[in-house]
Visitor: 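I'd like to ask some things about the structure below.
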Number of protein chains: 2
Amino acid sequence: MEKEVLTLNCQCENCQLRALFFAHLQQDEMLDICNIRKEKSFESNEDIVRRGDKFREFFYLKEGLVKLHIVKSGSEDQIITIAKPLDFISILSIFSSDHYQYTVTALLPSVVCNVDMSLIKSFATKNAAFGFDLMTRLSKSTDIVLLETMDLKRLQLKGKLAYILLKFANHIFKSERFDLPVTRKEIAEYAGVSTENIIRALAEFRKDQLIRISGKEIEILNKNRLTQISKFG
Amino acid sequence: MEKEVLTLNCQCENCQLRALFFAHLQQDEMLDICNIRKEKSFESNEDIVRRGDKFREFFYLKEGLVKLHIVKSGSEDQIITIAKPLDFISILSIFSSDHYQYTVTALLPSVVCNVDMSLIKSFATKNAAFGFDLMTRLSKSTDIVLLETMDLKRLQLKGKLAYILLKFANHIFKSERFDLPVTRKEIAEYAGVSTENIIRALAEFRKDQLIRISGKEIEILNKNRLTQISKFG
DNA sequence: CGCGGCTTTGATGTTCATCAAGTAAAGTGG
DNA sequence: CCACTTTACTTGATGAACATCAAAGCCGCG
């Protein structure tokens, strides 16, 4: 019974990630994590971790939306990717260094769970099925990021923009209508082009009836055409 | 004694990767791998695996140099990275899909070791320390690839070229003088620019006394300046 | 030897960054 | 809540970076 009570206090039942992530952990291991974990909320625009921070805790995104980006003095920000829960941005580079390689910033109000790294490491080394699962997830998420990056690199401006808009529509919001969680400048940093040209391309997409746009509000009007641009544009 | 004989037949003693990779395997597990492993040689320009191939074997590069690239009909080749032994290109995406996401092609005569994937998977699930080591390596190599890709994305043409030349000098050949293992076209595919402009930039580097170049032979003459260009160019 | 791919150079045009300047929106302190 | 400041957005004009096209020499290979 006491276990049951602890589990309930833990509130992990509602976590989307629980089933996937902890499938291989024993009940008592789950409780260890539950009891040790710390949940933190972040507002839009708040840094969750910063490049160079010492890495002490394992964390995963429970709710919200974040950008993974490289902040360098003397040059523009570069956005590596935008990730939502289950994309598991958190595990990128976690095992490769003592320090974060990237900065992670909330784009929408977000909730993050922290677990002491040593606990995760000890599970991963003791419980091979858990470690294997972790490895699979790590591999999948980095694969997607890398393929996305190569796609964006290949395309020219309008193709990049179409690609990013469709990522929001298809992958992130799963809807043709949504509020952009990023500024024009951030779209530019993601695409690797200038802000002005993102604005011009958005205006042209509107003129060509591919999208409807007012401020942050976007509606995809011609997905087929936009998809074509995102592949060959 | 028989074990000893098998180990010797295996010829893994000379493998650079052995110590790193199999640190956590038991003697008998090592022997399993030794007995099951197949060594294959590839000539320059030969495909080691192709995008879309069904993934059946775990493989690692024992000797040589390879490019990881995306081959698409209707668009130029894109080189993701160039990897040597210990860079462990082999494990990228191995756990994320049944199929190879990229094509791997030898740039120099190369030797690859294949091990049946189910054996590696069974080790990874039974032997957590092995799995953890594998995960760490996977994470490190993908991190490096991703950071490199973002660097190349940020730079303009001469910066990209300087970056790539320095990768050969510092990371791959560890020498100021070396024979280019790639064509000008491949440098262009790696940088994401046109072949002609790579040639023009090479000519300009030569004119500015940054490099000496005759055919495939390269010598870095002014590494400081080239490094500066590779950071801010 | 001749064919195809690699290399090189020049000329031309397109894509895109940059600069400038102004409007709108959003945050800040009184 | 309003004045103020900053940040985001937008449009136009200009020039730089770069792709593309064309043409010719080179080299390795069947």
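Just so we're on the same page: letters track the sequence lines, and every chain starts at 1.
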Visitor: Using the ring of each side chain (for Trp, its six-membered ring), is A:F168 parallel, tilted or perpendicular to A:F178, with breaks at 30° and 60°?
Guide: tilted
Visitor: In plain terms, say whether B:R154 and A:E76 are close enough for a salt bridge, that is, a side-chain N and a carboxylate O under 4.0 Å apart.
Guide: no
Visitor: Nearest heavy-atom pair of B:I80 and B:Y190: which atoms, and what distance?
Guide: O-CE1, 3.8 Å
Visitor: So if I take every side-chain heavy atom of B:T183 and compare against C:dC6, D:dA8, C:dC16, which nucleotide ends up nearest?
Guide: C:dC6
Visitor: Between D:dA17, D:dC9, C:dA17, spot the one nearest the side chain of B:Q156, thanks.
Guide: D:dA17
Visitor: With salt bridge (charged side-chain N to carboxylate O under 4.0 Å, His left out) as the criterion, how do A:K140 and A:D143 come out once you've worked through the C-alpha distance, each side chain's angles and the decisive distance to 0.1 Å?
Guide: CA-CA 5 Å; A:K140 269 189 188 143; A:D143 243 29; over 6 Å; no
Visitor: Let's see if you get this right: which residues in residues 199-222 of chain B place a heavy atom under 4.0 Å from DNA chain D?
Guide: B:R200
Visitor: Could you give the CZ-to-P distance, from B:R184 to D:dC27, as a whole number of Å?
Guide: 12 Å
Visitor: Please determine whether a side-chain nitrogen of the Lys or Arg among A:E39 and A:R37 lies less than 4.0 Å from a carboxylate oxygen of the Asp or Glu.
Guide: yes
Visitor: Assess whether one donor atom and one acceptor atom, taken from the side chain of B:E196 and the base of D:dC21, lie less than 3.5 Å apart.
Guide: yes
Visitor: Check the pair A:E196 / A:R200 against salt bridge (charged side-chain N to carboxylate O under 4.0 Å, His left out), numbers first and verdict last.
Guide: CA-CA 6 Å; A:E196 292 94 323; A:R200 276 185 263 264; 5.6 Å; no
Visitor: Strictly below 4.0 Å: does B:N197 bring a side-chain N or O up to OP1 or OP2 of D:dC18?
Guide: no
